[in-house]
Amino acid sequence: MPGREENASTRTFCEFFAGIGLVRSGLEPSGWDCTYANDIDPKKREIYERNFGDHDAYDERDVWNTEEVVSRIEDRPFLATASFPCIDLSLAGNWRGLEGAHSSSFFGFTQVVEALGEQRPRLILIENVTGFLTSRKGNDFRNAAKELARLGYWLDAFVINAKSFVPQSRPRVFIVGVHESIESEQLVRQADCSVWDRWLMELDRYPSLRPSSLSEIMRTTELPGTGWVATPIKPPEQKSYKLSNFVDTDDSQDWWEEEARDKHFNMLSDLHRKVVEDHMAARVEMLGTGYRRKRNGSTKLEVRFDGVAGCLRTPRGGSARQIVVHIKDGQFRVRWMSPREYARLQGVSRFRLLENDRQMLFGFGDAVCVPVISWIDKCVLSPLYEECSNANLVG
Ligand SMILES: C[S@@+](CC[C@H](N)C(=O)[O-])C[C@H]1O[C@@H](n2cnc3c(N)ncnc32)[C@H](O)[C@@H]1O
């Protein structure tokens with residue numbers, strides 16, 4: 001940022017598609033310093049600034065304004081993160097893929113990286129939904145990887161589900177780009193024949209990290225100029241947690257009146273209604289979360305009682321907001337999940353909220369899960385930073 005001190009931190013990053021700043025929340029605790037944030041959404045900016053108070057760093061410009069964006073980035077950031085819009089990589093965006101109006105902004109980001117020239121970040125972290133792996137038969141992911149390789153990055157990729165850390169199922173695919181200027185000993189490179197077997201071994205070692213849809217792409221996509229690497233990471237250890245520590249069950253919550261409650265009871269599938277009735281009869285407490293879904297012309301309440309909430313989404317239409325279902329003392333009750341509960345399920349229980357619930361739910365539904373980012377930092381980003389720092393490759 002303009003005015004940064006001469007001896008400012010070299011552990012710097014720029015966050016693209018910054019949203020409400022949850023990537024920043026995941027990186028800052030280990031010492032990363034955000035020097036630039038970019039996102040076009042003024043409502044998310046409001047939330048971001050409530051939490052980070054950083055009026056200068058947030059640039060509300062469209063990422064496609066390459067020259068202006070580049071002119072705002074001072075010095076060489078060590079890392080650039082980009083959790084670009086996912087809508088076109090899913091059914092909601094009719095699988096338009098990287099040619100869609102929203103997800104194509106990935107190339108707005110790579111255009112900025114290219115224009116940075118000598119200032120290109122040493123590391124890049126990309127995040128998106130796992131639909132990225134299958135969108136247009138995997139060709140979107142292949143093309144994105146080739147574009148990053150063209151800019152001089154060796155690439156690793158893996159899938160992490162937030163449910164390893166918090167009771168929310170949120171699988172996401174990450175790409176880590178390591179600039180060719182980094183000579184890391186931690187990386188197993190594909191191109192070196194002597195380690196080809198080791199690279200393949202790393203690739204297949206943990207199918208939860210690199211499922212077949214991903215390892216197949218990595219095995220069969222040639223990257224121009226660089227290649228694939230494997231960082232020798234293990235899947236995160238499963239944390240033990242209780243959904244009831246994240247979702248409130250006390251009487252002071254906004255539980256719905258009888259009419260809405262009965263309506264939702266009747267929306268349960270036969271199977272779930274039976275489970276609910278059995279628990280009510282046995283007076284056993286049960287907590288679940290669900291969504292309303294249109295199925296064969298009628299609206300159903302699809303709930304899960306496995307102790308994990310479904311993936312939080314942006315509340316476009318009534319079907320995308322999570323509903324809390326609670327059975328206690330033989331009573332069935334339901335209500336909307338609150339922004340505070342969304343915050344907890346994204347791993348930021350103390351995040352400052354604005355009064356507008358809808359604004360907050362939009363922010364959280366689009367965001368990353370913070371402990372996942374911190375885990376990637378601890379296992380991949382910070383070790384690479386330390387290695388470069390020891391080799392005087394920072395700044
Ligand atoms: C998946 S969300 C990222 C959320 C963010 N990682 C967080 O934790 O809040 C994608 C973001 O991209 C922003 N965006 C979409 N198109 C953009 C563009 N052309 N230029 C800049 N930002 C854009 C949206 O406003 C949205 O906040």
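As the structure lists them, so they are numbered: ligands from 1, and atoms in each ligand from 1. Worth knowing before you read on, the calculation uses all heavy atoms, side chains too, and leaves out hydrogens, waters and symmetry mates.
Contact analysis leaves Cys86 out of contact with ligand 1, as no non-hydrogen atom separation drops below 4.0 angstrom. For Ala18, the heavy-atom gap to ligand 1 drops under 4.0 angstrom.
Distance from atom 9 (O) of ligand 1 to its nearest protein heavy atom, with residue and atom name: Ile20 N, 2.9 Å. Residue, atom and distance of the protein heavy atom nearest to atom 1 (C) of ligand 1 are Asp366 O, 3.3 Å. Nearest protein neighbour of atom 20 (N) of ligand 1, counting heavy atoms only, is Val63 N, 2.9 Å. Annotation: atom 16 (N) of ligand 1 to nearest protein heavy atom, Ile40 CD1, 3.6 Å. Closest to atom 15 (C) of ligand 1, if we only count protein heavy atoms, is Pro85 CG, 3.4 Å. Scanning all protein heavy atoms for the shortest distance to atom 21 (C) of ligand 1 gives Asn38 OD1, 3.3 Å. With hydrogens left out, the protein atom closest to atom 10 (C) of ligand 1 is Ser83 O, 3.5 Å, a heavy atom.
A donor and an acceptor atom, one from each side chain of Ser181 and Arg122, are located under 3.5 Å apart. No side-chain N or O of Tyr153 forms a donor-acceptor pair with one of Glu180 less than 3.5 Å apart. Between the side chains of Lys294 and Thr299, at least one donor N or O sits under 3.5 Å from an acceptor N or O.
Not one N or O on the side chain of Ser105 forms a donor-acceptor pair closer than 3.5 Å with the backbone of Gly108.
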With a cut-off of 3.5 Å and sequence neighbours excluded, list every side-chain donor-acceptor pair involving residues 92-102.
{"from": "Arg96", "atom 1": "NH1", "to": "Gly93", "atom 2": "O", "distance (Å)": "3.0"}
{"from": "Glu99", "atom 1": "OE1", "to": "Arg136", "atom 2": "NH1", "distance (Å)": "3.3"}

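Each of the atoms 8 (O) of ligand 1 lies under 4.0 Å from some heavy atom of Leu22.
When each of Trp336, Phe332, Phe265 is tested with Trp256 by the rule ring pair (Phe, Tyr, Trp, His ring centres under 6.0 Å), just one qualifies, namely Trp336.
Here His279 pairs with nothing under the ring pair (Phe, Tyr, Trp, His ring centres under 6.0 Å) rule; sequence neighbours left out.
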Report task. Give the intermediate values and the outcome of side chain to side chain donor-acceptor pair (under 3.5 Å) for residues Glu341 and Ser338. Result -> CA-CA 5 Å; Glu341 291 164 323; Ser338 69; 3.1 Å; yes
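Contact annotation: for Lys44 versus ligand 1, heavy atoms closer than 4.0 Å belong to the side chain alone.
Among Thr81, Asp62, Val129, Asp39, the residue whose heavy atom lies nearest to atom 13 (C) of ligand 1 is Asp39.
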